[in-house]
Chemist: 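This structure is in structure tokens; I'll ask about it shortly.
Letters A, B, ... mirror the listed sequences (proteins, then strands); counts begin at 1.
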Protein chains: 2
Amino acid sequence: MQPKISLQDIAIRLGVSVKTVSGALHNRSIRMSEETRRKIRSLADELGYEPNLIARGMRSGVMPIIGMIGDGLITQPFASEIVRSFDNVLRTHDLSILVTDIAGGRGIEQGLAELQRLLPRGIVYASMYHHVVALPAGARGMIELMINCREADNAVPALVPAERQAGFNVTRYLIERGRRDIAFLTLPGLVASSLREHGLRAAFETHDLIVNEDWIRPATRGATYSDRARSVVREQIAEWMAAPQRPDAILCGNDRVALEVYGALRRVGVDIPGDVAVASFDNQVEIAARLDPPLTTMALPHREMGRIAGEILAGQRNKPDTVEEIPFRLIERASV
Amino acid sequence: MQPKISLQDIAIRLGVSVKTVSGALHNRSIRMSEETRRKIRSLADELGYEPNLIARGMRSGVMPIIGMIGDGLITQPFASEIVRSFDNVLRTHDLSILVTDIAGGRGIEQGLAELQRLLPRGIVYASMYHHVVALPAGARGMIELMINCREADNAVPALVPAERQAGFNVTRYLIERGRRDIAFLTLPGLVASSLREHGLRAAFETHDLIVNEDWIRPATRGATYSDRARSVVREQIAEWMAAPQRPDAILCGNDRVALEVYGALRRVGVDIPGDVAVASFDNQVEIAARLDPPLTTMALPHREMGRIAGEILAGQRNKPDTVEEIPFRLIERASV
DNA sequence: CTGAAAGCGCTAACAA
DNA sequence: TTGTTAGCGCTTTCAG
């Protein structure tokens, strides 16, 4: 690694002033003879000049950095797709990404303060599962965009998965494939789940079907779903399957629930999809693709959200006015 | 947000020089009257002074940042535990973490160059699955530590999971629980898998058992395992279970393979753990804990590696001389 | 024990 | 059209 070379170095070698070099390299609008500009540029290339980002940052008060506050990278680790595609697009704009995870009990404000100190060009808040977060008053103005979550009163632009639409579409898909008796295993307390349920109900209505309320039940005990919550999937399935009228399709709150449904259904000797179809949400590939039969599911738009967020932060795209819903994709496999 | 206040501001208000303030705040060894020091400190607190990191960085040529080059955040997303715990310890030392993912075809060198420009205090390389990477010559000197992977000739200090030991321990566990006929579904082409297999063989030897070579078979077709590789789990299980002598335990290359094994075993009416025990590696909780019965597995030490790496980069701990192996933890559930 | 001042690399206001 | 120079906020050397 050769010693870093500065504007000064170039200026001296060429016998011009620093400001001329700076102008030639970074500021098209500064007028000067084409000759000079060319000479400067070629020497800079030859020497491998690279601007010192820190010096520039000090001068301008902004660093080419985007801060990202993440909450719960731990809970839904597969959401790291968001970070990845975000990083990918930002990189093409010479922006780096500074992450900090909030889940360990640190407040949003503290995370924000830490990021701020590096003078990022912008800060986003990304949640690892779709929910509504209560931003402290002070944080509102500092956060440009929320990804996979939204602020309580939609005061901050946000990108969220189109849960309702996904619920509608997968239900319609089931109906179109001839299923009428559709059960739904919900994720208690999660917005994602209740929106998905709304979608399901809307699809029923559209097709003049009525929902059997006994077939809408929680997948876990307790007020809010989590990976540690006590599962009641096996019991629910057992009851449904013992009843005189059985569902012919089970829609699951997410792929992990579907995983349990497979086990429960096998246990009572029910064939998928012969006797009952199973469909789900998320497309957590390591599960969905490996189940037997492979699981039909609505893929969360993590990658798309990351990409769009990147474009917004890079200034290539306008922020949504309030909340923008990004559609899921239906992944057809063999469980329906 | 109040206008940032600088050393200068404090100096003026107190009628002392900038250097005195700087010394009082950050340099214990600069001698001055206790009186002055106290006055300065209390005013700084009152005004909420925070050093300008960029200015400091420019002066010293180093920023309070650790760069992390990640490859394939996508392949093993649950490895994000590494990042999380790394971030957690670094934060307590006022260090931020700058991530960049290399998987999208960008070379290591390019990723390095981008990180370098922000003058990080150190750079680590983290892989999302355990393998040996070929670092370009230029990169050797720049990377302080490799996490979850190692350099081809161990020229760079590294932290890797103790695969062999894990293979040994889980096998011994199976043996101690009375299992003698243990089969192993390998992950072709992965170092992790072949080390785990070595461990298994060593455990057999220790207990004067001999391995049935027909019971060591790949979980996927083709030369190297991946999530997209064509699975042959169902076939292998079917053959084993149809043979006159059946295994009484199946050790799986990882939890995703175990997931398939559950399906395949159910399909042929075999009870877990009554007829055969199943054990595995990774502890991908969303799978392992939700399987029926819950899966006994060796937990990858992602969190520990992240923490240790953090301590090393924060200067709280010495770098390993070459490769340090971090032990797995046995998670006992109900499948054995 | 404390003050003054240089200088990190860059940008932009001001001069020539 | 080009050159000179003043800072950005900080640390540190050198005088006093």
Side-chain angles (χ1 to χ4, degrees), chain A residues 1-41 43-44 47-65 94 113 116-121, chain B residues 1-41 43-44 47-65 94 113 116-121:
Chain A
M1 176 156 175
Q2 65 276 61
K4 275 290 171 201
I5 84 128
S6 72
L7 284 188
Q8 182 98 249
D9 298 332
I10 299 185
I12 291 175
R13 264 180 235 232
L14 252 34
V16 300
S17 82
V18 176
K19 115 97 196 178
T20 308
V21 181
S22 170
L25 261 21
H26 312 300
N27 201 334
R28 291 243 61 153
S29 66
I30 291 276
R31 316 192 70 69
M32 68 184 61
S33 78
E34 267 319 307
E35 178 59 13
T36 321
R37 193 181 289 265
R38 211 189 39 68
K39 263 198 341 218
I40 293 177
R41 291 233 166 119
L43 182 60
L47 263 33
Y49 168 74
E50 296 213 323
N52 178 323
L53 265 22
I54 281 74
R56 182 181 287 178
M58 163 138 123
R59 189 76 243 273
S60 63
V62 185
M63 294 288 287
I65 283 178
D94 290 315
Q116 297 273 21
R117 299 191 63 187
L118 273 321
L119 304 185
R121 186 206 208 35
Chain B
M1 176 157 178
Q2 66 276 57
K4 276 289 170 200
I5 84 129
S6 71
L7 284 188
Q8 181 100 250
D9 298 332
I10 300 186
I12 291 176
R13 265 180 234 232
L14 252 35
V16 301
S17 83
V18 177
K19 114 96 199 185
T20 307
V21 182
S22 171
L25 260 22
H26 312 300
N27 201 335
R28 294 241 60 150
S29 66
I30 291 277
R31 318 189 70 68
M32 70 183 62
S33 77
E34 266 320 306
E35 177 59 11
T36 323
R37 194 183 288 266
R38 210 191 38 68
K39 264 201 336 224
I40 293 177
R41 290 234 165 117
L43 182 60
L47 263 34
Y49 168 75
E50 296 213 322
N52 177 323
L53 265 21
I54 280 74
R56 181 182 287 178
M58 164 140 122
R59 187 77 240 274
S60 62
V62 186
M63 294 287 287
I65 283 179
D94 289 316
Q116 296 274 19
R117 300 191 62 186
L118 271 322
L119 305 185
R121 185 205 208 38

Chemist: Looking at A:Ser60, I'd like to know whether one of its side-chain N or O atoms comes within less than 4.0 Å of OP1 or OP2 on D:dC8.
Modeler: no
Chemist: Mind listing the closest non-hydrogen atom pair of A:Ile54 and B:Gly57 along with its distance?
Modeler: CG2-C, 3.9 Å
Chemist: Quick one: closest heavy-atom pair of B:Pro51 and B:His26, and the distance?
Modeler: CG-CE1, 4.1 Å
Chemist: From CG of B:Leu7 over to P of D:dT12, roughly how many Å is that when rounded to an integer?
Modeler: 12 Å
Chemist: Can you identify which nucleotide, out of C:dA12, D:dC10, D:dC8, has its nearest atom closest to the B:Asn52 side chain?
Modeler: D:dC10
Chemist: How close or far is atom C1' of D:dT12 from atom CG of B:Leu25, stated in whole angstroms?
Modeler: 16 Å
Chemist: Between D:dT4, D:dT13, D:dG9, spot the one nearest the side chain of B:Ser6, thanks.
Modeler: D:dG9
Chemist: Give me the bend of the helix from C:dC1-D:dG16 to C:dA16-D:dT1, using the axes of the five pairs at each end, rounded to 10°.
Modeler: 50°
Chemist: Are there over 12 heavy-atom neighbours, none belonging to B:Arg121, within less than 6.0 Å of that residue's CZ?
Modeler: no
Chemist: Please answer whether the main-chain N or O of B:Arg56 pairs with a side-chain N or O of B:Ser60 as donor and acceptor at a distance below 3.5 Å.
Modeler: yes
Chemist: Of all the choices, D:dG3, C:dG3, C:dC10, which nucleotide is nearest to the side chain of B:Val16 once you look at every atom?
Modeler: C:dG3
Chemist: Return the nearest nucleotide to the side chain of A:His26; candidates are C:dT11, D:dC10, C:dC8.
Modeler: C:dT11
Chemist: Looking at D:dT11, I'd like to know if its phosphate oxygens (OP1 or OP2) sit under 4.0 Å from a side-chain N or O belonging to B:Ser22.
Modeler: yes
Chemist: Which nucleotide in the list D:dG3, D:dC8, C:dT11 gets nearest to the side chain of A:Lys19?
Modeler: D:dG3
Chemist: Could you check B:Gly15 against A:Met58 and say which one's nearest nucleotide on DNA chain C is further toward the 5' end?
Modeler: B:Gly15
Chemist: On DNA chain C, does the nearest nucleotide to B:Ser17 precede the nearest nucleotide to B:Ala55 from the 5' side, or the other way round? Give the residue.
Modeler: B:Ser17
Chemist: Could you report the tightest heavy-atom contact between B:Leu43 and B:Arg13, atom names first, then the distance?
Modeler: CD2-CB, 4.0 Å
Chemist: Quick one: closest heavy-atom pair of A:Tyr49 and A:Ile5, and the distance?
Modeler: CD1-O, 3.4 Å
Chemist: Using atom CD1 of B:Ile40 as one end and atom P of D:dC10 as the other, report the distance to the nearest whole Å.
Modeler: 13 Å
Chemist: Tell me: CD1 of A:Ile54 to P of C:dC10, nearest whole Å?
Modeler: 11 Å
Chemist: May I have the distance from A:Ile5 (atom CD1) to C:dC10 (atom P), rounded to whole angstrom?
Modeler: 9 Å
Chemist: Rounded to the nearest Å, what distance is computed from the CZ atom of residue B:Arg59 to the P atom of nucleotide D:dG7?
Modeler: 19 Å
Chemist: On the nucleotide D:dG3, are OP1 or OP2 found under 4.0 Å from the side-chain N or O atoms that A:Thr20 carries?
Modeler: yes
Chemist: Which pair of non-hydrogen atoms, one from A:Ala24 and one from A:Arg41, has the smallest distance, and what is that distance?
Modeler: O-NH2, 2.9 Å
Chemist: Using atom CG of B:Leu119 as one end and atom P of C:dG9 as the other, report the distance to the nearest whole Å.
Modeler: 10 Å
Chemist: Determine the minimum heavy-atom distance between A:Ser22 and A:Leu7, stating which atoms define it.
Modeler: CB-CD1, 3.7 Å
Chemist: Figure out the CD1/C1' separation between B:Ile10 and C:dT2, and round it to whole Å.
Modeler: 17 Å
Chemist: Out of D:dT11, D:dG3, C:dC10, which has the shortest distance to the side chain of B:Val18?
Modeler: D:dT11
